[in-house]
Amino acid sequence: MPAIAARRVLRRRGLFETLLLLAAFALVFLTLATARAEEAVIRVGYQKYGTLVLLKGKGLLEQRLKPLGYRVVWAEFPSGPPLLEALNAGAIDFGSAGEAPPIFAQAASDALVYVANEPPAPKGEAILVPKDSPVRTVADLRGRTIALNKGSNVHFLVVRALEQAGVPYDQVKLAFLAPADAGAAFARGSVDAWAIWDPFLASGEQAHAARTLATGEGLVPNRQFYLSRRAFVAQHGKALDATLAAVAEIDAWAKDNTDAVAQELAPLVGIPAPVLTVALRRQTYGVAPLDAAAIADQQRVADTFHRLGLLPKPLSIADAVRRPGT
């Protein structure tokens, strides 16, 4: 009898240990499932001006993504180039930039994917000179110094403006400065011209009574692109679609509420609302997938930079475009 009792005890202990093990597995599974839910994050890079900062302020993206199990983490950047460096490095999942920064980002890594764009806004960037400058045409910039943000949309504007004027790229001096530093250099007279985009363009026109030497009209489209990472697009397509829908909704609201947008952005960028209104009226609206024209425009940017030796290799923009339905 003692032997039989012992076997029963062992069987019960075995059953008990099995139940404990199953409970442990269930706890681990639940923990991992919770961790996965907590890790459903979209990291959005934004700049102080534009649709994404409005999206952040309204909280609309959080509303759209919460039912899908995502939370939003926001990261601010001073301009497009560092934002896309962060995208390439995997530090963010989504952001926006003008036409030139994605070109350099694609040359550096194959991680980048174009997911949407806005219509051309060629009046939203320009080359400024002081009102009393002897420079009257772009051709007069030969041998002079132009301040610009390296790798930004206005970098391509300068290239195209010089080409049209018959001035070789290497016959001007380029001072690569961030907008704030470039504006200060322009105000001091340390540079002869300043290539800049809105809203800093509108601010420069007003603060320095600057004269516009050339805008993007007839030279560059000046599109705004929305970008993500290949890995994120592949794994989080529904979240990306929800994000683009939220961007489009804010974009449509901004189009019909220019004054309200200017009031909301003014304290963020440190530019008076009336000046921002000027910039916003030069902006275009309407978020959509890239069409053949947008891809061709970007390809021209890439080909031009490669021809000038600014890119280490030729690029195929079409290879980095997300197709509808993917």
Side-chain angles (χ1 to χ4, degrees), residues 43 45 47 75 77-117 120 125 127 141-142 145-179 181-182 195-197 216 219-234 290 292-323:
R43 301 163 298 173
Q47 301 174 50
F77 294 86
S79 62
L83 187 152
L84 292 184
E85 287 178 12
L87 188 76
N88 271 348
I92 60 173
D93 306 304
F94 180 81
S96 66
E99 57 207 355
I103 301 294
F104 291 98
Q106 186 182 350
S109 168
D110 64 355
L112 176 142
V113 178
Y114 294 86
V115 295
N117 77 134
E125 60 180 1
I127 301 173
L141 289 173
R142 189 187 302 261
T145 302
I146 308 169
L148 70 150
N149 199 87
K150 185 177 182 180
S152 67
N153 55 343
V154 293
H155 198 157
F156 184 57
L157 171 62
V158 168
V159 169
R160 287 288 296 117
L162 293 174
E163 282 183 346
Q164 189 180 72
V167 179
Y169 181 72
D170 61 2
Q171 290 191 15
V172 297
K173 300 171 186 176
L174 301 180
F176 293 128
L177 299 169
D181 296 330
I196 189 60
W197 62 88
L219 292 172
V220 298
N222 187 34
R223 295 176 186 270
Q224 188 75 8
F225 292 97
Y226 295 94
L227 307 121
S228 187
R229 296 183 298 111
R230 289 185 188 277
F232 187 85
V233 170
L290 275 69
I295 294 172
D297 284 341
Q298 275 300 88
Q299 191 62 56
R300 278 189 286 273
V301 180
D303 293 345
T304 298
F305 282 146
H306 181 252
R307 175 171 50 80
L308 291 172
L310 301 177
L311 289 180
K313 60 183 180 181
L315 298 178
S316 171
I317 301 301
D319 291 345
V321 174
R322 184 199 190 199
R323 303 298 176 180

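Counting from 1, the numbers follow the sequence of the chain as shown.
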Worked verdict on Trp197 versus Leu157 for side-chain contact (heavy atoms from CB on, under 4.5 Å): CA-CA 10 Å; Trp197 62 88; Leu157 171 62; over 6 Å; no
Full working for side-chain contact (heavy atoms from CB on, under 4.5 Å) between Phe305 and Val159: CA-CA 9 Å; Phe305 282 146; Val159 169; 4.0 Å; yes
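With sequence neighbours left out, the side-chain hydrogen bond (donor to acceptor under 3.5 Å, both in side chains) criterion links Asn153 to Glu125, Asn222. Partners of Ser152 by side-chain hydrogen bond (donor to acceptor under 3.5 Å, both in side chains), not counting sequence neighbours: none found. When the side-chain contact (heavy atoms from CB on, under 4.5 Å) test is applied to Gln298, the partners found at least two apart in sequence or on another chain are Glu99, Pro102, Ile103, Tyr114, Phe225, Val301, Ile317. Here Ala165 pairs with Val138, Ala139, Val167 under the side-chain contact (heavy atoms from CB on, under 4.5 Å) rule; sequence neighbours left out. Looking at residues two or more places apart in sequence or on another chain, you find a side-chain hydrogen bond (donor to acceptor under 3.5 Å, both in side chains) between Glu163 and Arg160, Arg307. With sequence neighbours left out, Ala296 forms a side-chain contact (heavy atoms from CB on, under 4.5 Å) with Arg300. Taking Pro314 as the reference, His306 meet the side-chain contact (heavy atoms from CB on, under 4.5 Å) condition, with sequence neighbours excluded. Every ring pair (Phe, Tyr, Trp, His ring centres under 6.0 Å) that Phe176 has, sequence neighbours left out, goes to His155. Listed by chain and residue number, Arg223 satisfy the side-chain hydrogen bond (donor to acceptor under 3.5 Å, both in side chains) test with Asn117 (two or more places apart in sequence, or in another chain).
With values rounded to the nearest 0.5 angstrom, Leu315 atom CG is found 7.5 Å from Gln299 atom CD. Atom CG in Leu308 sits 9.5 Å away from atom CG in Leu162 (nearest 0.5 Å). Going from atom CG of Leu227 over to atom CG of Leu112 covers 5.0 Å, rounded to the nearest 0.5 Å.
Checked by atom type and distance alone, the side chain of Gln171 never pairs as donor or acceptor with a backbone atom of Leu141 at under 3.5 Å. The main-chain N or O of Ile92 is found under 3.5 Å from a side-chain atom of Arg229 such that the two form a donor-acceptor pair. With hydrogens and angles disregarded, no donor-acceptor distance shorter than 3.5 Å links the side chain of Ser228 to the backbone of Phe94.
Scanning all heavy atoms of the two residues, the minimum distance from Val113 to Val321 falls at CG1-C, 4.2 Å. Contact between Ser96 and Leu83 at its shortest, heavy atoms only, is O-CD1, 3.8 Å. Minimum interatomic distance between Leu177 and Ala147 (heavy atoms only, all atoms of both residues): CD1-CB, 4.3 Å. Of all heavy-atom pairs spanning Ala175 and Thr145, the tightest one is CB-CG2, 4.0 Å. The two atoms that bring Ala97 and Gly80 nearest to each other are CB-CA, 4.1 Å, heavy atoms only. The minimum heavy-atom distance between Pro78 and Gln47, with the atom names listed, is O-OE1, 4.1 Å.
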Acceptor/donor pairs from residues 104-111 side chains to any protein atom, 3.5 angstrom cut, sequence neighbours excluded:
| residue | atom | partner | partner atom | Å |
| --- | --- | --- | --- | --- |
| Gln106 | NE2 | Ser316 | O | 3.0 |
| Ser109 | OG | Ala111 | N | 3.0 |

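Contacts classified as salt bridge (Lys or Arg N to Asp or Glu O under 4.0 Å) and involving residues 79-88 (residues at least two apart or in different chains) are not found.
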